[in-house]
There are 2 protein chains.
Amino acid sequence: MKRRGGGRGKRDELRRARGIVTLEDVARAAGVHYSTVSRALDPSKVWRVNAVTRKHVEAVARRMGYQRDMVASGLKRGRTHTVAVVVADLGNPFIAPVLRGIANRLESAGLMSLIGETQDESKRLARILDHLLSRRVDAIILTAARLSDGPALRRISRKGVPVVLAVRDVPGIRMPSCTNDELLGGRLAAEHLIGLGHRRLAQLRGPRDVSPTVERAQGFSKAVAAARAVEIVVRSTATTPTPDEGRRLMRLLLDGRQPPPTAVFAHHDLMALGAMALTVERGLSCPDQVSIMGFHDLPQVDRVTPPLTTVREPSEELGRIAAEMTLAILGSPDQSPASRRLPPTLVVRESTAAPPGQRPAVLDPIGETVRKST
Amino acid sequence: MKRRGGGRGKRDELRRARGIVTLEDVARAAGVHYSTVSRALDPSKVWRVNAVTRKHVEAVARRMGYQRDMVASGLKRGRTHTVAVVVADLGNPFIAPVLRGIANRLESAGLMSLIGETQDESKRLARILDHLLSRRVDAIILTAARLSDGPALRRISRKGVPVVLAVRDVPGIRMPSCTNDELLGGRLAAEHLIGLGHRRLAQLRGPRDVSPTVERAQGFSKAVAAARAVEIVVRSTATTPTPDEGRRLMRLLLDGRQPPPTAVFAHHDLMALGAMALTVERGLSCPDQVSIMGFHDLPQVDRVTPPLTTVREPSEELGRIAAEMTLAILGSPDQSPASRRLPPTLVVRESTAAPPGQRPAVLDPIGETVRKST
DNA sequence: CATACCTGGGCAAACGTTTGACTTGATGGT
DNA sequence: ACCATCAAGTCAAACGTTTGCCCAGGTATG
């Protein structure tokens with residue numbers, strides 16, 4: 001039986017009421033076959049149709065307000081023009097610019113971003129990834145990978161969906177990635193503090209089991225060791241980086257059996273702020289008695305007292321680049337996975353200074369140094 | 001010709017390589033018809049299939065890693081299980097919690113969120129809305145509506161896609177909305193300042209042509225008028241609320257021909273911070289000479305100097321509620337559009353005080369007052 | 001004039017689900 | 001023994017595109 005043409009049933013009425021115009025409707029109105037309409041409207045196929053018919057079809061289509069149904073198209077073509085962006089925590093201020101970079105770049109390529117939040121729970125990650133597979137997204141940009149997520153990633157990779165790692169890497173996996181150079185970030189922090197004359201340092205780590213934390217920590221520790229300075233380690237438990245967490249770790253440091261450090265490097269500005277708050281509550285002055293620095297250069301941290309020394313990462317650009325890598329893969333699927341690392345910069349403000357009883361030391365020996373006030 | 005069953009072509013090989021298992025594959029393996037598989041796996045249709053076949057089919061499906069293709073399903077059912085969230089500016093810190101509230105609530109209902117950013121440009125909004133229609137999203141949550149977007153919204157509404165307005169309302173349009181009570185927000189600000197004894201006030205408006213700005217302004221102005229105090233108006237130009245914008249407007253105020261106000265209400269914390277910076281640069285003290293307050297209670301504004309008095313809005317909850325309204329509409333499409341307004345709360349900190357040469361006045365007469373330090 | 005070739009367009013089979021209609025065999029009532 | 005009822009499955013037509021293939025005419029070539 002023929003499905004097309006002829007009398008329109010109540011189904012058609014319904015569709016029309018919802019304002020949905022199909023290829024067939026346009027074809028009927030234009031007096032051509034619907035495949036011709038399809039071609040006339042597809043830039044990559046227009047050459048199959050005569051210029052004058054094309055003009056005509058285009059006019060009719062525009063007049064009727066035709067819009068290609070991306071769902072049907074997606075089913076047929078196997079391309080949904082959708083990329084999923086998976087983040088750990090939408091509440092974390094530093095993820096916003098990344099998201100923005102991604103969404104804007106993708107949109108300018110005609111793709112849209114589906115977003116999912118894992119809260120750093122493996123269960124949720126797994127559920128979300130399954131969901132995304134089921135939706136046949138064209139690719140996944142994963143900013144929420146934990147070091148232990150390797151197996152899950154391999155599983156999904158085997159399903160044939162391209163995955164691009166952003167922000168967080170997971171070593172030993174064959175996937176393109178775009179991350180900050182956290183090793184350098186940690187080193188910049190350490191060398192800044194050491195350059196000021198500090199010899200007893202500590203770091204407040206971020207969430208465990210994610211690459212930025214371990215790399216940043218490693219970069220810091222190595223630089224401290226290289227300078228023959230002392231690092232006081234504080235056992236960090238897995239959690240999200242909040243001011244409260246910063247307080248907690250700082251308390252451990254101040255109440256520990258070892259004499260407290262004169263300089264503290266927090267892996268997240270929020271933790272640094274918490275640590276700072278606790279420090280002044282204890283009657284200690286920052287930076288006179290304890291130098292504290294953070295990470296990420298969140299908005300407004302230049303406005304707290306004292307303005308926070310921190311390390312800035314090019315978040316929006318990172319997002320943009322991750323999106324671009326994704327587009328590249330969609331363009332030519334089987335290239336070997338590239339890997340980009342973006343360099344962070346040190347932002348010196350006033351929460352760090354020479355240790356008590358010591359004159360200000362030499363300038364920073366390495367790294368680009370930025371003095372920023374807005 | 002029969003399409004199903006029998007010899008598998010190279011197409012099937014390809015599908016298998018990508019790890020895509022279809023109903024048909026499962027059916028073949030389970031020895032039943034694929035429609036039976038479809039029903040066995042659809043909770044709302046299981047009653048049509050015998051318990052033992054169901055178990056069997058389920059087992060086979062799980063073993064083969066079958067995942068329903070949501071694209072195909074969406075095409076057939078007309079439901080994509082996707083909701084679009086359109087925001088004006090992903091970089092604006094106060095949108096993050098809203099987004100989070102929405103995404104989480106939707107996800108717990110099995111929907112996912114597509115995100116789009118308009119940058120407050122009508123062109124982009126139009127383009128994005130078209131795109132979304134084309135993707136057949138189930139609904140649109142619009143946090144980026146401008147007052148002048150009425151026509152565009154009506155157009156899209158006629159297409160039959162439910163639109164829920166969040167954060168920004170557009171009056172005179174028949175759409176459900178979930179917004180903050182900005183009128184109250186403005187009033188809270190005004191009454192706080194007036195309660196401190198100020199008689200010459202000013203406000204630094206946010207982006208023009210959006211409902212929060214005009215309502216907040218109106219709430220403020222009315223309360224000022226009611227108290228027979230003076231409002232010094234500063235002409236605000238359309239823009240995004242940044243510290244720089246705050247500086248600019250504050251400069252206008254200080255350099256104006258009228259004597260400057262003793263209290264300033266900025267529609268956005270970032271603008272307040274900018275205004276504060278300019279104020280101290282001019283050698284004026286905040287709050288001793290000028291009281292400055294903001295809006296939104298962004299993270300960290302309690303840590304600047306002086307800690308910022310502001311108005312807090314329940315952003316994440318607003319997002320959650322907007323999502324819930326959306327779900328309600330998807331559940332029963334033609335209910336009359338509801339409208340929720342959430343009450344903001346005043347957060348008094350140290351950037352506001354009695355005007356110069358006046359003793360501290362009585363307490364706030366109205367509104368919930370919160371003293372917050374973290 | 002027959003052949004090859006090109007251009008422009010129609011035909012219909014997919015893509016993977018969902019679902020109304022239909023078949024079949026078993027049960028129950030009279 | 002006969003019809004109605006019912007449970008459990010099968011059949012096949014959609015959903016709206018995309019696209020390989022075929023066909024009709026026109027033009028160039030032998």
Side-chain angles (χ1 to χ4, degrees), chain A residues 1-5 9-12 14-15 18 20-28 30-57 61 66-81 133-136, chain B residues 1-5 8-12 14-15 18 20-28 30-57 61 66-81 134-136:
Chain A
M1 78 165 272
K2 259 186 88 45
R3 154 190 151 225
R4 315 272 177 172
K10 56 184 143 189
R11 183 181 52 72
D12 286 285
L14 214 49
R15 260 221 277 63
R18 282 213 35 176
I20 291 183
V21 183
T22 71
L23 275 184
E24 199 182 331
D25 299 330
V26 176
R28 197 155 38 221
V32 294
H33 192 263
Y34 62 92
S35 68
T36 303
V37 178
S38 173
R39 284 194 262 255
L41 266 30
D42 177 352
S44 79
K45 290 277 163 25
V46 261
W47 58 269
R48 295 277 278 101
V49 21
N50 185 309
V52 9
T53 10
R54 175 171 60 77
K55 288 281 184 211
H56 176 221
V57 167
Y66 171 78
Q67 288 186 143
R68 183 221 249 71
D69 183 329
M70 294 301 281
V71 179
S73 171
L75 174 58
K76 185 65 179 130
R77 290 228 242 226
R79 277 292 176 99
T80 54
H81 294 269
L133 285 181
S134 173
R135 286 171 175 268
R136 306 289 189 259
Chain B
M1 79 165 272
K2 259 187 88 45
R3 154 191 152 223
R4 314 271 175 174
R8 41 180 85 98
K10 58 183 141 192
R11 183 181 52 72
D12 286 281
L14 214 48
R15 259 221 274 70
R18 283 213 34 176
I20 290 183
V21 183
T22 71
L23 276 185
E24 200 182 331
D25 299 328
V26 177
R28 197 156 36 221
V32 294
H33 193 263
Y34 61 92
S35 66
T36 304
V37 178
S38 171
R39 284 195 259 257
L41 265 31
D42 177 352
S44 78
K45 291 277 165 22
V46 260
W47 58 270
R48 296 275 279 99
V49 22
N50 186 310
V52 9
T53 8
R54 177 171 59 78
K55 289 280 184 211
H56 176 221
V57 167
Y66 171 78
Q67 288 186 144
R68 183 220 250 74
D69 182 330
M70 294 300 282
V71 179
S73 171
L75 174 58
K76 185 67 178 121
R77 291 230 242 225
R79 277 289 176 102
T80 54
H81 294 267
S134 173
R135 285 170 175 270
R136 305 289 188 260

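Values reported hereafter were calculated over all heavy atoms of this structure, with side chains retained and with hydrogens, waters and symmetry mates removed. Letters A, B, ... mirror the listed sequences (proteins, then strands); counts begin at 1.
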What pairs with [X] under side chain to side chain contact (heavy atoms under 4.5 Å, CB included), at least two apart in sequence or on another chain?
X       : answer
A:Lys76 : none
A:Arg77 : A:Asp42, A:Arg68, A:Ser73
A:Arg79 : A:His81, A:Asp138, A:Leu330

Applying side-chain hydrogen bond (donor to acceptor under 3.5 Å, both in side chains), can you list everything that pairs with [X], at least two apart in sequence or on another chain?
X       : value
B:Thr36 : none
A:Arg54 : A:Glu58
B:Ser35 : B:His33

Separation of atom [atom1] in [X] from atom [atom2] in [N], rounded to whole Å:
X        : N      : atom1 : atom2 : answer
B:Trp47  : C:dT18 : CH2   : P     : 15 Å
A:Glu24  : C:dA12 : CD    : C1'   : 13 Å
B:His81  : C:dT18 : NE2   : C1'   : 12 Å
A:Arg135 : C:dT17 : CZ    : C1'   : 15 Å
B:Leu23  : C:dA14 : CG    : P     : 17 Å
B:Met70  : C:dG16 : CE    : C1'   : 13 Å
A:Asp69  : D:dT18 : CG    : C1'   : 13 Å

Please tell me if B:Thr22 has a side-chain N or O lying less than 4.0 Å from either OP1 or OP2 of C:dG16.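 Result: no.
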
Taking B:Thr80 for the side chain and B:Arg136 for the main chain, is one N or O donor matched with an acceptor at less than 3.5 Å?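 At least one qualifying donor-acceptor pair exists.
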
Once rounded to the nearest 0.5 Å, what's the spacing between atom CZ of B:Arg39 and atom CG of B:Leu23?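 Nearest 0.5 Å value for the CZ-CG distance: 11.5 Å.
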
Using a cut-off of 4.0 Å between protein heavy atoms and nucleotide atoms, how would you tag nucleotides 19-24 of chain D 5' to 3' with B, S and -? BBB---

Would you jot down, in residue-number order, the residues of residues 50-57 of chain A having a non-hydrogen atom under 4.0 Å from DNA chain C?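 By residue number: A:Asn50, A:Thr53.
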
Give one of base, sugar-phosphate or nothing for A:Val71, where a contact means two heavy atoms less than 4.0 Å apart.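 No contact at all - A:Val71 keeps every heavy atom at 4.0 Å or more from the nucleic acid.
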
Looking only at heavy atoms, which two atoms of A:Pro43 and A:Leu41 are closest? And how far apart?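 Looks like CD-O, 3.3 Å.
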
Using heavy-atom distances to pick each residue's nearest nucleotide on DNA chain D, tell me which of B:Val32 and B:Leu75 is more 5'.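 Here B:Val32 is the residue nearer the 5' end.
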
